[in-house]
Amino acid sequence: MSLIEIDRIQELLPQWLETSRQQCGYGKVASYIPELSNSPIDALGIHIMDAQGQSASAGDTGLSFTMQSISKVFTLILALMDNGENVVFDKVGMEPTGDNFNSMLKLELVQPGIPFNPLINAGAIAISSLIAGSNPAEKSARVLDFLRQLSNNSSLNYDLEVYRSEKDTANLNRSMAYFLKDNGVLQGQVEDVLDVYFRHCSVSVTCADLAQMALVLAHNGKNPLTGEELIPRRYVQIAKTFMITCGMYNASGEFAIQVGLPAKSGVSGGILSMVPGRYGIGLVGPSLNRKGNSIAGVALLEAISQEFDWSLF
Ligand code: GLN
């Protein structure tokens with residue numbers, strides 16, 4: 001059945017992609033990380049992979065882009081594998097904020113210093129400090145190794161220009177990190193924690209890399225091609241639930257209604273999504289809507305999910 005459907009997806013995909021691409025002109029490329037402003041505004045690419053390793057793809061799938069917030073899903077999982085649920089959820093909450101991903105508003109307002117969830121910037125910075133390793137380089141190397149394993153791509157690496165560009169301009173994230181430190185949420189030196197965070201945000205991928213990572217999540221932590229368990233099922237369940245409730249920032253409710261699949265976006269225009277039990281999906285479209293999600297990418301996922309009735313709900 002899946003073989004037939006993937007062929008059908010491949011048939012329809014180029015046409016849907018070109019229709020969705022027309023949305024690119026209504027969005028903007030992120031520029032608060034200066035290097036990201038060089039991203040091609042009209043680009044759109046998608047790669048969908050099934051459990052047999054068959055793929056459907058269309059558009060600018062050769063484009064490399066940085067994972068940005070998509071990496072937060074995997075640092076959360078690694079922090080859970082390193083520390084267990086009690087330690088992790090002592091430092092970050094489990095609730096969506098309804099605010100922008102870089103908002104500080106609720107940090108002080110509700111429960112002092114505890115970020116609402118691990119997918120907003122404050123939460124992900126707290127998670128970076130929980131990655132095991134005796135120094136920032138070792139922690140970052142562990143994250144990169146984990147991403148290489150999940151993507152089945154041993155050459156994944158940092159985009160050092162994006163890394164430096166973010167590190168040089170991250171006043172808001174830096175201020176949040178100091179606030180977290182003051183509240184006892186961060187372990188270690190603030191700049192060391194931020195370095196781990198900037199590095200994982202700057203890991204460069206293609207749509208196929210994201211699709212492969214998503215495929216592992218879609219199969220509850222197992223690589224369906226090899227049968228190898230890469231992540232305990234419980235931690236995949238936690239990650240997928242956060243992807244539904246907070247993965248598309250403060251547009252997660254709308255995305256759940258229109259698409260109905262777990263997903264995580266990044267300001268580079270990347271989106272990782274999946275059809276649980278079936279497909280891994282990697283997408284890029286750097287033109288962003290007002291909430292910071294790929295404007296054409298969201299439109300494309302809506303079209304495909306509705307056509308194939310993929311919504312979980
Ligand atoms: N590195 C980015 C930041 O901290 C990640 C944000 C995002 O993708 N939404 O601002």
Side-chain angles (χ1 to χ4, degrees), residues 27-39 64-76 92 96-105 107 115-129 131 136 140 143-144 147 158-180 186 190-205 210 213 239 242-243 245-252 255 263-273 282-295 297-298:
K28 280 196 184 128
V29 166
S31 57
Y32 76 99
I33 298 175
E35 192 62 28
L36 291 183
S37 61
N38 300 325
S39 314
S64 294
F65 53 96
T66 49
M67 289 182 78
Q68 298 300 336
S69 284
I70 299 169
S71 60
K72 295 169 180 174
V73 171
F74 300 103
T75 51
L76 166 65
V92 296
T97 61
D99 302 325
N100 290 340
F101 62 86
N102 54 7
S103 173
M104 304 181 76
L105 190 65
L107 262 188
F116 262 50
N117 68 67
L119 300 186
I120 52 172
N121 285 8
I125 292 168
I127 291 292
S128 296
S129 89
I131 302 294
S140 290
V143 176
L144 186 60
L147 295 172
Y158 309 113
D159 180 329
L160 289 175
E161 273 156 28
V162 174
Y163 160 74
R164 286 191 202 103
S165 181
E166 178 164 19
K167 195 175 167 105
D168 289 348
T169 55
N171 298 316
L172 188 54
N173 281 334
R174 200 161 265 123
S175 63
M176 266 186 260
Y178 278 99
F179 183 83
L180 294 176
L186 290 195
V190 171
E191 280 302 325
D192 286 354
V193 174
L194 283 170
D195 195 68
V196 175
Y197 175 79
F198 299 142
R199 279 190 187 274
H200 69 68
C201 286
S202 77
V203 171
S204 178
V205 291
L210 289 188
M213 294 183 203
F242 276 121
M243 290 171 82
T245 57
C246 328
M248 302 298 280
Y249 316 125
N250 43 340
S252 298
F255 189 86
K264 181 74 205 89
S265 62
V267 285
S268 52
I271 302 180
L272 175 152
S273 187
L283 179 156
V284 66
S287 181
L288 306 179
N289 62 23
R290 275 180 298 134
K291 301 276 173 82
N293 296 315
S294 171
I295 191 165
V298 170

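Just so you know, residue 1 is the first one in the sequence shown, and it goes up from there. Counting starts at 1 for both ligands and their atoms, in listed order.
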* Asked: Which atom names give the shortest non-hydrogen contact between F116 and P96, and what distance separates them?
  -> CD2-O, 3.5 Å
* Region of Y249 engaging ligand 1 - heavy atom pairs below 4.0 Å -> side chain
* Considering only heavy atoms of C201, which atoms of ligand 1 have at least one such atom less than 4.0 Å away? -> 1 (N)
* To do: Would you mind running through ligand 1 and noting each atom that sits below 4.0 Å from a heavy atom of G266?
  => 8 (O)
* Nearest neighbour in protein (non-hydrogen) for atom 8 (O) of ligand 1 -> S69 OG, 2.7 Å
* To do: Mark up the atoms of ligand 1 that fall under 4.0 Å of a heavy atom belonging to E166, in ascending order.
  => 1 (N), 2 (C), 3 (C), 4 (O), 10 (O)
* Asked: When rounded to the nearest 0.5 angstrom, what distance separates CG in L180 from CG in L194?
  -> 9.5 Å
* **Y158 to R199 - nearest heavy-atom pair and separation** => CD2-O, 3.3 Å
* Asked: Which heavy atom of the protein is the closest neighbour of atom 10 (O) of ligand 1, given with residue, atom name and distance?
  -> Y32 OH, 2.5 Å
* **Nearest neighbour in protein (non-hydrogen) for atom 4 (O) of ligand 1** => Y197 OH, 2.6 Å
* Asked: What's the spacing between K72 NZ and K264 NZ if we round to 0.5 Å?
  -> 5.5 Å
* Asked: Where do G292 and L288 come nearest, in terms of heavy atoms and distance?
  -> O-CD2, 3.8 Å
* Asked: How far does CD of E166 sit from CG of N173, to the nearest 0.5 angstrom?
  -> 6.0 Å
* Asked: Got the closest protein heavy atom to atom 2 (C) of ligand 1, with its distance?
  -> Q68 OE1, 3.2 Å
* To do: Heavy-atom distances under 4.0 Å are what count here, so tell me which part of N121 touches ligand 1: side chain, backbone, both or neither.
  => side chain
* Asked: Are the side chains of N121 and Y197 in touch, meaning some heavy atoms are under 4.5 Å apart?
  -> yes
* Contact partition for N102 relative to ligand 1, non-hydrogen atoms under 4.0 Å -> neither
